[in-house]
Participant: 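Before I ask anything, let me first share the structure, which is written out below as structure tokens.
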Amino acid sequence: MAQTKFDKQVEETAESLMFGIGRFLAGRPMDGERKTDATFWRSGTRVLPKVEGRVSRSSYRAGWKRLTFRIGGLAATGTGGYYALWEKQDATVAAVTDVWENPDPALAAAQTGGIGLVSAAALGSAAYRLATRKRREFMREWVIPLHEALAMPLDVSELTDPRRYLHVPRNFSDDDAEIRIDTPGHLRFNEDLVADLIKKKLALENVSFTWQRAGRNTHVVVKKRKAPPKKLGLSDPGVREILAKMPESAPLIGLGAGKKKVSVDLDADSPHVLISAGTGGGKSTILRTICCQFVHNGAHAFVLDFKRISHSWARGVPGVTYCRDIAEIHDALIGLAQEGRRRLALAEQLADDVLEREPWRVGPRLVILLEEVNATMAQLKRYWAKIRETGDPKTSPAVDALAEILFMGRQVRLHVLLVAQSATARAIGGPEMRENFATRILVRYTLNAWRMLVPEVSPIPMPTEHPGRVQVVTRGRAQETQVLNLSNAEAREWAMSGVHAKGTTGPALQKAGAPTAPGADVPTDAWSTGAQPLPPAPAAEPATGLDVLADARSLNPPAAPAAPAADTPPPPTNSAPAAPAPAGDPDDAVVGLRKAQQDHLPQITLAALQRARADDPDFPAPVQRGNTYLYRVGDLKRWARNRPRAATGTTDLD
């Protein structure tokens, strides 16, 4: 008797059901298609050849894991059904009857519950995406590109989940991180090619490869072979000797892999340095380390610090001019640009070989520390808009002066060390100004910041959270560096133990007054620090430090011992005497210290003013009238605005 179509359909259904039960109990895929190399006892690592379409995560699970999950699901479903159908049968029937007779409450409850479920699902999805954002970015930027590069050399399907055989930790750039990559057991691949691709795609240097070729679990382990020191301080063995031997134009930044010295030569490599880092990245520590070495070797530093407290170590150090008020920063930039033009004219008179052999002839080295350029540039523009008069240019002359200084070059020995949280072209003044920084130091950078500042360096090194670890980029090459971390006291001690403490200001004064050009002497002006005599440096760091200075300038200072009369001659200060200005403006009046406190500075006690006159190197210089020492009111007010306050935190790397 011929088999009917219905009989064939029944047989096929029964056969499919039997095969399904068999696959279910064997822990195999229910569709019968084996897509990965997973077995019953071992999880899969790669997709099999000729498999097409998306491969789910369950395909990588071992068979026993799938079986456990399936049996657990069936047990939970059966138990729930039993209680719902048998133990609560009467309640279920009654509830169904009520819904059938009066459906409105049920519909309202379903609507409310549906809205709640949708809202909970949306919130859960948003929370999950937020929690896994960094992991997804890491996969997209590092793991997936590495998988795409290794798929063909390792003969791995591109559909393979990279996480199944690429075990790359998110902190793989740290010194003790370990990368493991599972390789095919057939070993029919070029190990040198694979190692080269790993180094290129993960931007690794000085790493070692350990190959496991025997047995079934073949893999390669990648670890750093030479890493920069984990910490670097002045007390470490040999560091003081290294600092003492560094060239005058090339201060030490830190040590790289294999304790290789990393520095930037402002005369040979780059006249200016850009430091890009987020909050807490150690920007001020890097500047402190570089600047104190310049001052030690005779340079004059101009600290333009709108935050006022970033470089407390530099207060009172010979050879350092600290500008905290935005008006002072404005005037300092304009004056430095004028000095640069004077030096350009002087360099034009000198022969090229003379200028190359004796660069000190144009004047001592001037180093400009520009803190927080994002905020400072905005304040300079706002300040100019406030004081600008009819007929003045719209652009701030201080911003133009900074651009002029950046374009002057290394011949005039003016160098800018600029700090920015986000060194965009708009913040610095334009893309052409940013191109003047041939050396760039990046700390805790984002991928976007790297692509913006150093797009020529590829691949992008993975940023690290290791304290003091930076990337120094110069000449198209990035060097991972551990920055030398000097404390405020150590930086101050190093700066004051150099040329300035010996009564000279650099090579220009050590050449027996050689003329700068035939028939001409070295020009002097307010910005030519080589011609200004400097007082001897203090023998030691004051024990009280910045806190006492802050107390001396506070509104309610502590009780002080009896001070000398207000109009008695004060001790000499580091500031040059200021000539009295013409009368007319109240700030131009010249008065005694007691009268200034009573009429103009009531918020500061007379005792605090007297202590500051004796201790503060930034206190205004007196104007002598006969046997009496008087002070210009405007100078006292400016000092009162800029007097330092104690810092509430630290920018140290440690």
Side-chain angles (χ1 to χ4, degrees), residues 233-234 251 275 277 279-296 299-326 328-329 332 367-373 375-376 417-419 468 483-498 500-501 534-535 537-555 557-558 573-575 604 608 611-620 638-654:
L234 190 62
I275 302 172
T279 303
K283 304 181 295 293
S284 297
T285 299
I286 300 172
L287 281 182
R288 180 169 66 229
T289 297
I290 296 176
C291 182
C292 74
Q293 296 178 66
F294 278 123
V295 177
H296 176 89
H300 193 102
F302 289 82
V303 181
L304 311 184
D305 179 21
F306 182 66
K307 294 195 301 184
R308 299 170 179 259
I309 58 173
S310 298
H311 298 280
S312 58
W313 66 272
R315 288 188 49 78
V317 173
V320 177
T321 300
Y322 207 124
C323 302
R324 295 171 295 274
D325 188 80
I326 196 64
E328 292 181 349
I329 296 174
V367 181
I368 306 166
L369 274 68
L370 184 54
E371 274 277 3
E372 299 295 348
V373 68
T376 303
L417 309 180
L418 185 144
V419 173
V483 172
L484 173 62
N485 183 12
L486 301 181
S487 66
N488 283 330
E490 290 173 338
R492 184 182 181 89
E493 179 266 329
W494 188 260
M496 297 180 68
S497 64
H500 289 284
L534 293 172
E541 174 76 10
T544 52
L546 183 61
D547 293 335
V548 170
L549 291 178
D551 292 339
R553 294 161 177 78
S554 62
L555 297 179
T573 66
N574 290 344
S575 304
I604 305 177
R611 285 199 304 271
R613 180 183 63 183
D615 299 335
D616 187 0
D618 291 336
F619 196 81
R638 184 174 62 178
W639 168 84
R641 290 196 309 269
N642 297 332
R643 67 190 190 280
R645 276 79 167 176
T648 57
T650 179
T651 56
D652 288 349
L653 293 172
D654 57 353

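Because the structure is predicted, anything quoted here is derived from the model rather than measured.
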Participant: Kindly indicate, with the supporting measurements, whether the criterion side-chain contact (heavy atoms from CB on, under 4.5 Å) is fulfilled by Asn488 and Arg288.
Facilitator: CA-CA 8 Å; Asn488 283 330; Arg288 180 169 66 229; 3.1 Å; yes
Participant: Listed by chain and number, what are the side chain to side chain donor-acceptor pair (under 3.5 Å) partners of Gln293, not counting sequence neighbours?
Facilitator: none
Participant: Applying side chain to side chain donor-acceptor pair (under 3.5 Å), can you list everything that pairs with His296, at least two apart in sequence or on another chain?
Facilitator: Ser497
Participant: Could you give the distance from CG (Leu418) to CD1 (Ile368), rounded to the nearest 0.5 Å?
Facilitator: 10.5 Å
Participant: When you compare the side chain of Ile604 with that of Trp639, does any pair of heavy atoms fall below 4.5 Å?
Facilitator: yes
Participant: What residues, two or more places apart in sequence or in another chain, satisfy side-chain contact (heavy atoms from CB on, under 4.5 Å) together with Glu490?
Facilitator: Leu234, Leu486, Ser487
Participant: List the steps and the verdict of side-chain contact (heavy atoms from CB on, under 4.5 Å) for Ile290 and Leu417.
Facilitator: CA-CA 9 Å; Ile290 296 176; Leu417 309 180; 3.9 Å; yes
Participant: Using modelled atom types and a 3.5 Å cut-off, is there a donor and acceptor pairing between side-chain atoms of Ser284 and backbone atoms of His311?
Facilitator: no
Participant: Closest approach of Glu371 and Ser310, non-hydrogen atoms and distance?
Facilitator: OE2-CB, 3.8 Å
Participant: Are the side chain of Thr289 and the backbone N or O of Leu484 linked by a donor-acceptor pair below 3.5 Å?
Facilitator: yes
Participant: Looking only at non-hydrogen atoms, find the nearest pair between Ala495 and Val317 and report the distance.
Facilitator: CB-CG1, 4.0 Å
Participant: To the nearest 0.5 Å, what is the distance between CG on Leu304 and CG on Asp325?
Facilitator: 12.0 Å
Participant: Looking only at heavy atoms, what is the nearest atom pair of Cys323 and Ile329, with distance?
Facilitator: O-CG1, 3.8 Å
Participant: For Cys292 and Trp494, which heavy atoms make the closest approach, and how far apart are they?
Facilitator: O-CD1, 3.8 Å
Participant: Looking at every heavy atom in both Arg492 and Ser312, which two are closest together, and how far apart are they?
Facilitator: NH1-O, 4.4 Å
Participant: Quick one: are Ile275 and Leu287 in side-chain contact, heavy atoms under 4.5 Å?
Facilitator: yes
Participant: Measure up the Phe302 and His300 rings against each other and bin them: parallel (under 30°), tilted (30 to 60°), perpendicular (over 60°).
Facilitator: tilted
